[in-house]
Amino acid sequence: MLTVTGRVSHPPASVPLVDLFTFTRAELTSPVQFAGGRWVVSDYDDVRAVLADPVTYLPDNALTAVTLVAPAALRSLVRARFSLPPTLANNGSSSHASLRRLVASFFTPARVAAAEPRIRSLVLERLGGADLVRDLAWDLPAIVLMELLDCPNVDIPTLKRWSSGSLEFFWGDITRERQLELVDEVGDFHQWLIKRYHARDGGLFCALADAGVSAEDSAGLCYFLLIAGQETTTQLLSTALRRALQDRSLWARLPEPGVAEVFIEDVLRTETPVVTWRRLTARDVVLSGVHVPAGAELVLLLSGKETDSRHLAFGYGRHFCLGAGLARLEAVVTLRTVAEHEPSLHLVGPDPEWLNLLSFRAPKSVAVSR
């Protein structure tokens, strides 16, 4: 965990005890607020400016574990030869552009649009379940992603176990004991990626090898890509389904043209599952009149305000999410298809348990009845 050093000449107006893993925008009293050893930046223009300037605001900490990795867990990672070299999300170097172009070739608008019938088919196969997360949203994005990346013969339940464990390991407020429970999943996932690369097993791995990307860099790139490319979409589907079912009038209108698109954009604006991203200041800066020292860790809020149509749910600038179009399509097709075929669906039971990580929030279940 980064320790902020340096003297702050113009501190925030207030320094409340904010739990960064459960806070809401409404709890913030300043657009730049020091909390939990980090600087929380909530103003849209500030966040956009930070994301637009990778020289002043470095992406180096984007994949750094939120909780300091305990020595025993660190030794396990070393034994697994685990590494996350600068590739995509954490890359501020000149190598970023070529790696991004390579990955982007799998997410072209044409390839994404061509996936729509497959998405709809997967949704139809999953209708009728009592929990829309477990029975629908849990594995659908992973299947779609693996097919789009031309990676066949992937054990989806194992991939989901690895990726959900990795999210908790790197973005969770977890104990040393929990780290030790998760660290083998992290290491096994990384080793699997190395093996797929050397075996040239799948279109993405072949493309990386053909481009001369090393096994270590390929594993680091694919590690986060295969997590973010489907876990965040599972979270978006879970959040959107629960919210849509809370509004009976909306649920009835979702099959109509354009309604699902507008609704998903509103979810991304006000309740995005990717709630924050992080940056490091390369020098002293001033944000909303607040002096922030060099080497400070920023936590950027990506959602918009209720009264503001803008949002940064997929980031901005050179690190804008490559899977944004795919995530939107999956969410729209899923909402429209479920609402069309199960108009009487309604929520049941108590409020669900939520995933509460520094950068990711979503309901863990959406219990329904007919």
V368 and H346: CA distance, side-chain angles, deciding distance, side chain to side chain contact (heavy atoms under 4.5 Å, CB included) verdict: CA-CA 5 Å; V368 293; H346 58 274; over 6 Å; no
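- Checked for salt-bridge contact, D135 and R126 miss the test: no charged N lies under 4.0 Å from a carboxylate O.
- Atom CZ of R81 has 12 or fewer neighbouring heavy atoms from other residues, nucleotides or ligands inside a 6.0 Å radius.
- A donor-acceptor pair is defined here as one N or O able to donate and one able to accept, closer than 3.5 Å; no such pair exists between the side chain of R370 and the backbone of L345.
- The nearest pair of heavy atoms linking A219 to H190 is CB-NE2, 3.7 Å.
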Worked verdict on N61 versus T64 for side chain to side chain donor-acceptor pair (under 3.5 Å): CA-CA 5 Å; N61 63 332; T64 301; 6.0 Å; no
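- The backbone N or O of L68 lies less than 3.5 Å from a partner atom in the side chain of Q179, making a donor-acceptor pair.
- In this structure the side chain of L84 never reaches within 4.5 angstrom of the side chain of F224, judged on heavy atoms.
- Residues V275 and L236 do not share a hydrophobic cluster, defined by chaining ILVMFWY side chains whose heavy atoms lie under 4.5 Å apart.
- Inspection of the Q230 and T234 side chains reveals no N or O donor paired with an N or O acceptor under 3.5 Å.
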Chi angles and distances behind the salt bridge (charged side-chain N to carboxylate O under 4.0 Å, His left out) call for R328, E265: CA-CA 8 Å; R328 282 186 166 108; E265 208 61 30; 2.8 Å; yes
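- For R161 and S166, the side-chain atoms include no donor-acceptor pair closer than 3.5 Å.
- Judged by distance alone, the side chain of T337 and the main-chain N or O of V333 form a donor-acceptor pair under 3.5 Å.
- D53 and R279 are not joined by a salt bridge, as no carboxylate oxygen comes within less than 4.0 angstrom of a charged side-chain nitrogen.
- Contacts of H96 classified as ring-ring contact (aromatic ring centres under 6.0 Å, His included), with partners at least two apart in sequence or in another chain: H319.
- Taking CG from L302 and OG from S359, the interatomic distance works out to 8.0 Å, rounded to the nearest 0.5 Å.
- Here Y316 contributes atom OH and C321 contributes atom SG; the two are 16.0 Å apart, rounded to the nearest 0.5 Å.
- Between atom CD1 of residue I174 and atom CG of residue L182 there is a gap of 5.5 Å, rounded to the nearest 0.5 Å.
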Candidate pair R253 and F263, rule side chain to side chain contact (heavy atoms under 4.5 Å, CB included), full reasoning: CA-CA 10 Å; R253 291 184 290 109; F263 171 70; over 6 Å; no
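- To the nearest 0.5 Å, the span separating CG on L208 from SG on C222 amounts to 5.0 Å.
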Test log, rule side chain to side chain donor-acceptor pair (under 3.5 Å), inputs N91 and S93: CA-CA 6 Å; N91 193 353; S93 75; 2.6 Å; yes
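- The environment of R200 atom CZ is dense: over 12 non-hydrogen atoms of other residues, nucleotides or ligands sit within 6.0 angstrom.
- In terms of heavy-atom proximity, G172 sits nearest to V66 at O-CB, 4.3 Å.
- The shortest distance between side-chain heavy atoms of D284 and H291 falls below 4.5 Å.
- For the residue pair S163/E231, the side-chain donor-acceptor check at 3.5 Å is satisfied.
- Taking each heavy atom of L268 and A313 in turn, the nearest pair found is O-CB, 3.6 Å.
- Side chain of T276 to backbone of L358: a donor-acceptor contact under 3.5 angstrom is found.
- Looking only at distances, no side-chain donor or acceptor of S30 sits under 3.5 Å from a matching main-chain atom of Q33.
- Using a 4.0 Å cut-off between charged nitrogen and carboxylate oxygen, E340 and R120 count as a salt-bridge pair.
- Counting only distance, with no hydrogens or angles, the side chain of T281 and the backbone of P293 share a donor-acceptor pair below 3.5 Å.
- With respect to E181 and R178, a salt bridge is recorded, a charged nitrogen being found less than 4.0 Å from a carboxylate O.
- Contact annotation: the side chain of F170 approaches that of V186 to within less than 4.5 Å [non-hydrogen atoms, C-beta and beyond].
- S98 contributes a side-chain N or O that, together with a main-chain N or O of S95, makes up a donor-acceptor pair within less than 3.5 Å.
- Screening L280, V41, L287 for a side-chain contact (heavy atoms from CB on, under 4.5 Å) involving Y57 leaves a single residue, L287.
- Residues V47 and L51 form a side-chain contact, since some pair of their non-hydrogen atoms from C-beta on lies under 4.5 Å apart.
- For the pair L149 and F107, the minimum side-chain heavy-atom distance is below 4.5 Å.
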Candidate pair S76 and R79, rule side chain to side chain donor-acceptor pair (under 3.5 Å), full reasoning: CA-CA 5 Å; S76 292; R79 286 194 297 271; 3.0 Å; yes
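- Note on R361 versus E271: no salt bridge recorded, every NZ/NE/NH1/NH2 to OD/OE distance being 4.0 Å or above.
- Taking the charged nitrogens against the carboxylate oxygens, D45 and R48 have no contact shorter than 4.0 Å, which rules out a salt bridge.
- Between F82 and Y223, the distance from one ring center to the other falls under 6.0 angstrom.
- At a threshold of 4.5 Å between non-hydrogen side-chain atoms, the residues W251 and S344 do not count as touching.
- Residues W354 and L136 are members of separate hydrophobic clusters, defined by side-chain heavy-atom contacts under 4.5 angstrom among Ile, Leu, Val, Met, Phe, Trp and Tyr.
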Intermediate values then yes/no, side chain to side chain contact (heavy atoms under 4.5 Å, CB included), L300 and R278: CA-CA 6 Å; L300 312 173; R278 290 175 289 163; over 6 Å; no
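- Contact annotation: the side chain of W39 never approaches that of E297 to less than 4.5 Å [non-hydrogen atoms, C-beta and beyond].
- Formation of a donor-acceptor pair under 3.5 Å by the S83 side chain with backbone atoms of P85 is not found in this model.
- Although no hydrogens or angles enter the test, the distance criterion places no donor-acceptor pair under 3.5 Å between the side chain of S365 and the main chain of P352.
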Intermediate values then yes/no, side chain to side chain contact (heavy atoms under 4.5 Å, CB included), R134 and D139: CA-CA 8 Å; R134 180 194 64 206; D139 65 347; over 6 Å; no
Residue pair T87, R100: steps toward the side chain to side chain donor-acceptor pair (under 3.5 Å) verdict: CA-CA 8 Å; T87 52; R100 183 177 172 87; over 6 Å; no
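- The main-chain N or O of P59 is never found under 3.5 Å from a side-chain atom of N90 such that the two would form a donor-acceptor pair.
- Atom CG of residue L193 and atom CG of residue L226 lie 6.5 Å apart, to the nearest 0.5 angstrom.
- Rounded to the nearest 0.5 angstrom, D155 CG and K160 NZ are separated by 13.0 Å.
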Intermediate values then yes/no, salt bridge (charged side-chain N to carboxylate O under 4.0 Å, His left out), R242 and D351: CA-CA 10 Å; R242 181 175 183 271; D351 287 342; 3.5 Å; yes
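- Cation-pi check for R310 over Y44 is met; the charged atom lies under 6.0 angstrom from the ring centroid and within 45 degrees of its normal.
- For the pair L225/V103, a side-chain contact is recorded, criterion being any heavy-atom separation below 4.5 Å from C-beta on.
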